[in-house]
Amino acid sequence: MTTTLESKPAAQAGASAATAAPTGARFDIYASVHKGLRMFMADTLTRVGRLDLDDATELGATLGQLDELLASCRSHLGHENEFIHTAIEAHQPGASLRIAGEHEDHLSAIAALVGDTAALKARPTAAALHRLYRHLAVFVAENFAHMDIEETAHNAALWAAYSDAELAGIEGSLLASIEPAEMAIWLRWMVPAMSPAERAGMLGGMAQQMPPEAMRWVLDIVQPHLDQQAWTKLARALDLPPAPGLMTA
Ligand SMILES: [Fe+2]
């Protein structure tokens with residue numbers, strides 16, 4: 001069965017993804033999405049670096065992935081501002097100011113990268129491509145350092161103020177605000193970026209809460225991006241047939 005990105009199961013997937021497993025002793029609201037973002041950024045940067053300007057299909061696909069990455073980054077920092085920074089500021093005023101300022105810088109960098117991308121599309125020269133590649137590399141580097149501060153200083157502020165159940169509730173509200181088409185993009189990058197145990201924990205939790213058609217929507221998104229070994233481990237954990245394309249529900 002094929003489901004569309006706008007289907008009802010998609011919304012259920014978003015609401016149920018609140019069961020994402022923490023990687024440490026405390027509930028880590030950043031861990032899974034940041035793993036996905038790091039993979040999304042690294043993969044896109046690599047594709048831009050090796051891009052063949054003489055291949056129109058590859059050019060379109062690569063710049064399409066870059067457009068999707070930049071839109072996802074813009075959305076992600078908005079989610080953090082709205083849900084996570086609000087929670088931090090409620091207990092520790094000023095504690096999110098540095099990262100909020102960096103989010104403003106990231107919005108400017110994203111706008112500049114959109115400009116670089118438009119310039120490359122208008123005139124696909126090696127010079128325009130290398131300019132985009134260098135600027136994207138700096139953006140990725142800044143985001144990697146930025147995410148580490150969020151996963152240390154911001155998590156410390158969150159853990160001091162909230163229980164794990166309260167943090168899971170904040171994450172649930174954040175996830176419920178995400179439209180199905182965007183949720184599909186996050187699942188596509190987050191799940192392959194996780195360890196097998198994290199993957200089994202998150203999708204196992206979702207499978208317990210979601211109807212079969214919603215779970216099939218999730219698996220149809222992630223399966224093409226897992227290698228055979230990773231899919232076999234996940235299938236075993238979820239008690240699914242091991243071979244791709246054989247799942248029934
Ligand atoms: Fe951030």
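Any value given below was found using the heavy atoms of this structure, including those in side chains, with hydrogens, waters and symmetry copies removed. Just follow the structure's listing: the first ligand is 1, and inside any ligand the first atom is 1. Throughout, residue positions are numbered sequentially from 1 according to the sequence presented.
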Item to check | Side-chain (Asp43) to main-chain (Met39) donor-acceptor, under 3.5 angstrom | outcome: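 Absent.
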Answer yes or no for [X]: is there an N/O/S atom below the 2.8 Å cut-off from the Fe ion (ligand 1)?
| X | answer |
| --- | --- |
| His76 | no |
| His106 | no |
| Glu80 | yes |

Checklist entry - Between Lys121 and Asp67, does at least one N-O distance fall below 4.0 Å, as a salt bridge requires? => result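 Counted as a salt bridge, because a side-chain N and a carboxylate O are separated by less than 4.0 Å.
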Extract all donor-acceptor atom pairs below 3.5 Å that involve side chains of residues 76-84 and protein atoms in other chains or at least two apart in sequence.
{"residue": "His76", "atom": "NE2", "partner": "His34", "partner atom": "NE2", "Å": "3.4"}
{"residue": "His76", "atom": "NE2", "partner": "Glu80", "partner atom": "OE2", "Å": "2.6"}
{"residue": "His79", "atom": "ND1", "partner": "Ser75", "partner atom": "O", "Å": "3.3"}
{"residue": "His79", "atom": "NE2", "partner": "Ser75", "partner atom": "OG", "Å": "3.3"}
{"residue": "Glu80", "atom": "OE1", "partner": "His103", "partner atom": "NE2", "Å": "3.0"}
{"residue": "Glu80", "atom": "OE2", "partner": "His34", "partner atom": "NE2", "Å": "3.2"}
{"residue": "Asn81", "atom": "OD1", "partner": "His85", "partner atom": "ND1", "Å": "3.4"}
{"residue": "Asn81", "atom": "OD1", "partner": "His103", "partner atom": "ND1", "Å": "2.6"}
{"residue": "Asn81", "atom": "ND2", "partner": "Leu77", "partner atom": "O", "Å": "3.4"}

Next on the checklist: Looking only at N, O or S atoms, which one in Glu150 sits nearest to the Fe ion (ligand 1)?
Outcome noted: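 Result for Glu150 and the Fe ion (ligand 1): OE2.
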Item to check | Within residues 38-75 or reaching into it, pairs that qualify as ring pair (Phe, Tyr, Trp, His ring centres under 6.0 Å) - sequence neighbours excluded | outcome: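 Ring pair (Phe, Tyr, Trp, His ring centres under 6.0 Å) check on residues 38-75 returns Phe40-Trp189.
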